[in-house]
2 protein chains.
Amino acid sequence: MQKLTKREDQIMQLIWQSDGMFIRDIVERLPHPKPHYNTVATIVKILVKKGFLTSEKLGNVDRYNAVVSMEAYRKEDISNIKKKYFDNSFSKMMAHFAKQEQLTDEEIQELIAIIKSKKV
Amino acid sequence: MQKLTKREDQIMQLIWQSDGMFIRDIVERLPHPKPHYNTVATIVKILVKKGFLTSEKLGNVDRYNAVVSMEAYRKEDISNIKKKYFDNSFSKMMAHFAKQEQLTDEEIQELIAIIKSKKV
DNA sequence: GTAGATATACTAATTTATTAGTAGAATTTT
DNA sequence: AAAATTCTACTAATAAATTAGTATATCTAC
């Protein structure tokens with residue numbers, strides 16, 4: 001899967017959170033300094049070409065929808081983190097999180113419950 | 001903290017795995033197609049300027065060391081993942097991992113042990 | 001239907017990232 | 001010490017990413 005550039009990523013995040021967006025909506029929801037309408041249009045077109053988005057014409061306006069799901073992209077993204085920092089070891093990564101987050105005992109119990117419920 | 005570009009990241013990974021590298025070592029350890037010596041030197045100089053590396057002269061050759069630790073950078077990197085994909089919620093992220101990774105019962109037990117040992 | 005507003009295609013400018021050439025200094029070999 | 005090699009500083013070319021201008025089409029309100 002191709003990687004998203006910073007701007008592309010930012011725009012994909014918005015579209016993933018919605019169900020279909022027009023260029024004008026994207027511009028509106030981007031933080032200051034808002035890029036030019038055509039700037040966004042250009043990047044959206046690149047995203048269509050890369051296969052991340054499809055467009056559908058509503059009247060004379062294009063609405064864009066995600067083709068690649070957030071989950072699919074996220075999976076890759078996280079898999080890269082695991083590879084890059086944790087020797088591709090899931091346990092190592094988890095140990096890091098547990099330590100990093102300075103969890104309280106209650107949070108740890110909660111976490112254990114979550115983990116168990118997902119599988120057992 | 002500034003973000004690393006792809007090439008910068010790749011070079012930082014090598015330096016983090018070592019303790020101090022010369023340009024020639026970096027070039028040698030990069031996968032094919034190996035970039036030009038001066039290409040690496042340029043990027044290394046950018047990394048010094050960004051505050052990720054320091055140089056020390058050994059004889060007339062520069063050796064480069066990490067200033068920003070891998071752990072510090074990794075922490076940021078992971079924190080962004082959490083923010084970007086999991087609404088900044090640690091529990092949500094953990095739930096995802098447990099599900100995504102298709103852990104066996106044993107692995108889950110192991111994981112729980114790891115989490116407990118880190119805190120309790 | 002004319003004026004004003006909005007959307008898109010096309011194109012190009014600008015910025016950032018990556019690559020590498022040339023020249024000269026230092027080092028090693030002969 | 002001359003020749004060959006290695007390293008660096010400086011500079012610039014190329015490529016990728018981001019930004020936005022101009023022209024044209026479409027719609028909306030009057």
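- With a 4.5 Å cut-off on side-chain heavy atoms, B:Trp16 and B:Glu71 do not count as touching.
- Looking at the side chain of B:Asn60, the nearest of the listed nucleotides C:dT27, C:dT19, D:dA9 is C:dT27.
- Here the CD1-OH distance, from A:Ile15 to A:Tyr64, works out to 9.0 Å after rounding to the nearest 0.5 Å.
- With rounding to whole Å, B:Lys50 atom NZ is found 8 Å from C:dT18 atom P.
- For the pair A:Ile46 CD1 and D:dA15 P, the computed distance is 17 Å after rounding to whole Å.
- Within the model, atoms CG of B:Leu4 and CD1 of B:Ile11 stand 10.0 Å from one another, a figure rounded to the nearest 0.5 Å.
- In terms of position on DNA chain C, the residue among B:His36 and A:Lys57 whose nearest nucleotide sits closer to the 5' end is A:Lys57.
- Between the side chain of B:Asn38 and the base of C:dT22, at least one donor-acceptor pair of N or O atoms lies under 3.5 Å.
- Between A:Ile43 and B:Ile23, the one whose closest nucleotide on DNA chain D sits nearer the 5' end is B:Ile23.
- OP1 and OP2 of D:dA16 both lie 4.0 Å or more from every side-chain N or O belonging to A:Thr5.
- Dashed line: the shortest gap from a side-chain N or O of B:Thr42 to OP1 or OP2 of C:dT18 is not under 4.0 Å.
- If you take CD1 of B:Ile11 and P of C:dT18, they are 9 Å apart, rounded to a whole angstrom.
- Separating the CZ atom of A:Arg63 from the P atom of C:dT6 is a distance of 20 Å, rounded to the nearest angstrom.
- In this structure, A:Lys6 does not reach the D:dA17 phosphate: none of its side-chain N or O atoms is under 4.0 Å from OP1 or OP2.
- The backbone N or O of A:Asn38 sits less than 3.5 Å from a side-chain atom of A:Thr42, completing a donor-acceptor pair.
- Atoms CD (A:Glu8) and C1' (D:dA16) sit 11 Å apart, rounded to a whole Å.
- Taking atom CZ on B:Arg24 and atom C1' on C:dT28, their separation rounds to 13 Å, with Å as the unit.
- Here the P atom of nucleotide D:dA17 and the NZ atom of A:Lys45 are 18 Å apart, to the nearest Å.
- Exactly one of A:Glu8, A:Gln13, A:Arg7 qualifies for a side chain to side chain donor-acceptor pair (under 3.5 Å) with A:Gln10. That residue is A:Arg7.
- The distance from atom OH of B:Tyr37 to atom P of D:dA9 is 9 Å, rounded to the nearest whole Å.
- At least one side-chain nitrogen or oxygen of B:Arg7 sits closer than 4.0 Å to the OP1 or OP2 atom of C:dT19.
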